[in-house]
Engineer: 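Here it is, the structure, as structure tokens.
FYI, side chains are in, hydrogens and waters are out, and symmetry mates aren't considered; it's all heavy atoms of this structure. Both counts, for ligands and for their atoms, begin at 1 and track the order of listing. Note that the structure is predicted; figures quoted are calculated from it, not measured.
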Amino acid sequence: MTVTATEPIPMVLAEVQVASVQRLSPSFVRLELAAPELAEVGLPDGSDGPWWDQRFKLVVPHAGGGLGSVTDADASWLGTWLERPVEERGHMRTYTVRELRGSGEQRRLVVDIVLHEGVSGPGSDWALAAEVGTRAVVLLPKRGLPFGGIEFLPRPEQRLLLVGDETAVPAICAILEHLPADAKGAAFLEVPYSADVQEVSAPAGVEVTWLARGAQEHGAALTAAVTAHLGGAVVALEIPEEVDPELWETPQWSSSGEEINDDGSVRGDLYAWIAGEAGVVTGLRRHLVKERGMDRRQVAFMGYWRRGVSMKS
Ligand SMILES: Cc1cc2nc3c(=O)[nH]c(=O)nc-3n(C[C@H](O)[C@H](O)[C@H](O)COP(=O)(O)OP(=O)(O)OC[C@H]3O[C@@H](n4cnc5c(N)ncnc54)[C@H](O)[C@@H]3O)c2cc1C
């Protein structure tokens, strides 16, 4: 599609400032981001949530301070932004809307960012150094306009299986907090340390299990717990040699180009939502779909990051 320079940008694009910083635990920092434009953030149906696993883009400045301007941005903004040197435009990363607080121009976007110990990345480094007044840019859905970015789409009668590492904790917690009171299922969350376990409210019928990784390999505890939960033999973590760092296989979309035949026929009573390190998620996908024969239309498998790979742009 050709975009003319005068078309308005179909989303909220705003420079935000950090309004508060809360170090939740060793691996998480919670930031409240503020800008008058956040008043316009809303879902395509015009509502203000629930946001489930809504993702958004955060642009953090380059180490030298460069953060592209958003003044007078139109629909061509992203293309123009990408053409600029990274030193001038900063780095774009994907995060989850943990919560939107307040209303009008006092609206605050809450984001929980993982501080990945020992491995530098612009997003994590920025969050670690953030203080009140620190600047960034956000791209978020504008009320009433199509946007995408919510993958959590179970049918009301389906039992839930929510699985994720620390990067998926914000999404799983936001999902758990908004489930209907009669929801049934289980959630497994793997975090680096026991001190990273968070208080989260969930319906009585959804069992929430936190797994502290400690010295174990990333994903080992999660894989064992999920396979045990599904019955049969407990399976050890196995990361395939080839991993797509952008693994994204949902009932609606396939990053590998797999044909999706969603004809609306019955898909079983379980809906699984699985996100985290792409190698771990690929291993779980192979096991659940190939070995346990789960219908892939019942599962959303999402690589939120890949060990050793920096996010694009
Ligand atoms: C839909 C979606 C929602 C997401 N929501 C959140 C969220 O709410 N909070 C959140 O913290 N993350 C979230 N993530 C993950 C986040 O985008 C990635 O972790 C991202 O790589 C962080 O960028 P960075 O600049 O810190 O590191 P990058 O520059 O991307 O990577 C630099 C190095 O750090 C490593 N790395 C990246 N992330 C981690 C990690 N978590 N642990 C260990 N090493 C890591 C990479 O493998 C690479 O070697 C989400 C991702 C997606 C796709």
Side-chain angles (χ1 to χ4, degrees), residues 22-33 51-63 67 86 89-100 109-130 136-141 147-153 162-177 189-193 196 198 200 213 216-219 222 239 243-250 252-253 255 273-282 300-313:
Q22 188 187 359
R23 184 70 180 258
L24 292 179
S25 67
S27 310
F28 289 93
V29 65
R30 172 166 293 173
L31 303 176
E32 278 191 334
L33 306 178
W51 293 93
W52 306 115
D53 56 340
Q54 176 75 58
R55 59 181 176 265
F56 75 98
K57 298 291 182 190
L58 178 74
V59 182
V60 299
H62 183 262
L67 180 68
V86 71
R89 63 163 162 86
H91 309 264
M92 188 179 283
R93 294 290 182 266
T94 308
Y95 291 100
T96 304
V97 172
R98 179 65 183 85
E99 194 186 334
L100 276 155
L109 167 65
V110 181
V111 55
D112 290 353
I113 298 188
V114 175
L115 305 171
H116 35 88
E117 209 180 327
V119 194
S120 177
S124 171
D125 296 350
W126 176 83
L128 183 61
V137 163
V138 294
L139 286 102
L140 283 155
F147 188 81
I150 293 181
E151 303 294 353
F152 179 73
L153 292 167
L162 304 169
V163 178
D165 69 8
E166 56 269 39
T167 60
V169 162
I172 295 179
C173 288
I175 290 170
L176 288 172
E177 286 169 3
L189 304 100
E190 183 182 298
V191 288
Y193 307 107
D196 289 315
Q198 299 179 18
V200 61
R213 182 177 313 127
Q216 297 172 84
E217 199 179 339
H218 195 111
L222 201 57
I239 297 185
V243 173
D244 173 5
E246 293 177 15
L247 167 77
W248 208 265
E249 300 286 335
T250 72
Q252 292 77 33
W253 166 259
S255 58
W273 181 105
I274 301 176
E277 199 283 324
V280 175
V281 178
T282 305
F301 295 99
M302 293 156 293
Y304 268 20
W305 64 285
R306 173 68 184 133
R307 186 191 298 267
V309 178
S310 201
M311 262 178 116
K312 275 192 196 149
S313 75

Engineer: For atom 30 (O) of ligand 1, which protein heavy atom lies nearest, and how many Å away is it?
Structural biologist: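 Here the closest protein heavy atom is Met311 N, 2.7 Å.
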Engineer: Do Thr250 side-chain atoms and Ala300 backbone N/O form a donor-acceptor pair below 3.5 Å?
Structural biologist: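 Side chain of Thr250 to backbone of Ala300: no pair is present.
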Engineer: Any nitrogen or oxygen of Pro170, main chain or side chain, under 3.5 Å from a nitrogen or oxygen of ligand 1?
Structural biologist: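 Min N/O separation from ligand 1 is not below 3.5 Å for Pro170.
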Engineer: Answer yes or no: does an N/O atom from Val114 fall short of 3.5 Å to an N/O atom of ligand 1?
Structural biologist: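 It does: an N or O of Val114 is found under 3.5 Å from an N or O of ligand 1.
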Engineer: Quick one: look up the protein heavy atom nearest atom 46 (C) of ligand 1 and list residue, atom name and how far away it is.
Structural biologist: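 So the nearest neighbour among protein heavy atoms is Val309 O, 3.3 Å.
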Engineer: Under 4.0 Å from a heavy atom of Arg307: give me the atoms of ligand 1 that qualify, with their elements.
Structural biologist: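 Contacts of ligand 1 toward Arg307, numbered from 1: 47 (O).
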Engineer: Show the atoms of ligand 1 that are less than 4.0 angstrom away from any heavy atom in Asp112.
Structural biologist: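 Those of ligand 1 that fall under 4.0 Å from Asp112 are 7 (C), 8 (O), 9 (N), 10 (C), 11 (O).
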Engineer: Applying a heavy-atom cut-off of 4.0 Å, say which part of Tyr95 lies close to ligand 1: side chain, backbone, both or neither.
Structural biologist: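 It is both parts that get close, each with some atom under 4.0 Å.
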Engineer: Looking only at distances, please establish whether an N/O atom of ligand 1 is found under 3.5 Å from an N/O atom of Gly303.
Structural biologist: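 No - when backbone and side-chain N and O of Gly303 are compared with those of ligand 1, no distance drops under 3.5 Å.
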Engineer: Show me which atoms of ligand 1 lie under 4.0 Å from any heavy atom of Val119.
Structural biologist: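 By the 4.0 Å cutoff, the relevant atoms are 33 (C), 34 (O), 35 (C), 49 (O).
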Engineer: Side chains of Trp52 and Glu151: does their closest heavy-atom pair fall under 4.5 Å?
Structural biologist: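 Trp52 does not reach Glu151 side chain to side chain.
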Engineer: Can Arg98 and Glu177 be counted as an ion pair, charged N to O under 4.0 angstrom?
Structural biologist: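 Result for this pair is yes, salt bridge flagged.
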Engineer: Report, in ascending order of atom number, the atoms of ligand 1 lying under 4.0 Å from any heavy atom of Ser124.
Structural biologist: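 Result: 26 (O).
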Engineer: Distance check, rounded to the nearest 0.5 Å: Asp53 atom CG versus Ile175 atom CD1?
Structural biologist: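 Result: 4.5 Å between the selected atoms.
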Engineer: To which protein heavy atom is atom 17 (O) of ligand 1 closest, and what is the distance rounded to 0.1 Å?
Structural biologist: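 Nearest protein contact, heavy atoms only, for atom 17 (O) of ligand 1 is Thr94 O, 2.7 Å.
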Engineer: What I want to know is whether Val111 and ligand 1 share at least one N or O pair that is separated by under 3.5 angstrom.
Structural biologist: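 Min N/O separation from ligand 1 is not below 3.5 Å for Val111.
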Engineer: Show the atoms of ligand 1 that are less than 4.0 angstrom away from any heavy atom in Arg55.
Structural biologist: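 Heavy-atom distances to Arg55 below 4.0 Å select 1 (C).
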Engineer: Taking heavy atoms and a distance under 4.0 Å, where does Arg93 meet ligand 1: side chain, backbone, both or neither?
Structural biologist: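 The answer is the side chain.
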Engineer: Starting from atom 8 (O) of ligand 1, find the nearest protein heavy-atom neighbour and note its residue, name and distance.
Structural biologist: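 Looking at atom 8 (O) of ligand 1, the protein heavy atom closest to it is Thr96 N, 3.1 Å.
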Engineer: Students should be able to answer this: which protein heavy-atom is nearest to atom 26 (O) of ligand 1, and at what distance?
Structural biologist: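 Answer for atom 26 (O) of ligand 1: His116 NE2, 2.7 Å.
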Engineer: Gly121 heavy atoms, cut-off 4.0 Å: which ligand 1 atoms fall inside?
Structural biologist: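 Reading through ligand 1 atom by atom, the close ones are 24 (P), 25 (O), 26 (O), 27 (O), 29 (O), 32 (C).
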Engineer: May I ask you to identify, for Arg306, whether its side chain, its backbone, both or neither come under 4.0 Å of ligand 1 on a heavy-atom basis?
Structural biologist: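 Only the backbone of Arg306 comes within reach of ligand 1.
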Engineer: In this structure, does ligand 1 have an atom that sits under 4.0 Å from one of the heavy atoms of Trp248?
Structural biologist: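 Yes.
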Engineer: I need the contact type for Ser120 against ligand 1. Using non-hydrogen atoms and a strict under-4.0 Å cut-off, is it side chain, backbone, both or neither?
Structural biologist: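 It is the backbone that touches ligand 1; the side chain stays farther off.
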Engineer: For the pair Asp196 (side chain) and Val191 (backbone), establish whether a donor and an acceptor sit closer than 3.5 Å, ignoring hydrogens and angles.
Structural biologist: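 Side chain of Asp196 to backbone of Val191, a donor-acceptor pair under 3.5 Å: no, none is there.
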Engineer: My understanding is that only one of Thr96, Leu24, Val29 makes a side chain to side chain contact (heavy atoms under 4.5 Å, CB included) with Ile113; could you say which?
Structural biologist: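 Passing option: Val29.
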Engineer: When you measure from atom 44 (N) of ligand 1 to every protein heavy atom, which one gives the shortest distance, and what is it?
Structural biologist: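 Its nearest protein heavy-atom neighbour is Trp305 CZ3, 3.3 Å.
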Engineer: Can you find an N or O of Ser310 that's nearer than 3.5 Å to an N or O of ligand 1?
Structural biologist: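 Yes: some nitrogen or oxygen of Ser310 is under 3.5 Å from one in ligand 1.
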Engineer: Kindly assign one of parallel, tilted or perpendicular to the pair Tyr95 and Phe56, based on the angle between their ring planes and the thresholds 30° and 60°.
Structural biologist: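 Geometry flag for Phe56 against Tyr95: tilted rings.
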Engineer: With a cut-off of 4.0 Å, which atoms of ligand 1 are near a heavy atom of Ile113?
Structural biologist: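 With Ile113 as reference, the close atoms of ligand 1 come out as 11 (O).
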Engineer: Got a second to check how far Glu249's CD is from Ile274's CD1, nearest 0.5 Å?
Structural biologist: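 The CD1 atom of Ile274 is 12.0 Å from CD of Glu249, to the nearest 0.5 Å.
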Engineer: Tell me: protein heavy atom nearest atom 6 (C) of ligand 1, and distance?
Structural biologist: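 Ranking protein heavy atoms by distance from atom 6 (C) of ligand 1, first comes Thr167 O, 3.4 Å.
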Engineer: To the nearest 0.1 Å, how far is atom 15 (C) of ligand 1 from its closest protein heavy atom, and which atom is that?
Structural biologist: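 Checking every protein heavy atom, the shortest distance to atom 15 (C) of ligand 1 gives Tyr304 O, 3.5 Å.
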Engineer: Salt bridge (charged side-chain N to carboxylate O under 4.0 Å, His left out) with Arg306: which residues, sequence neighbours excluded?
Structural biologist: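 Glu277.
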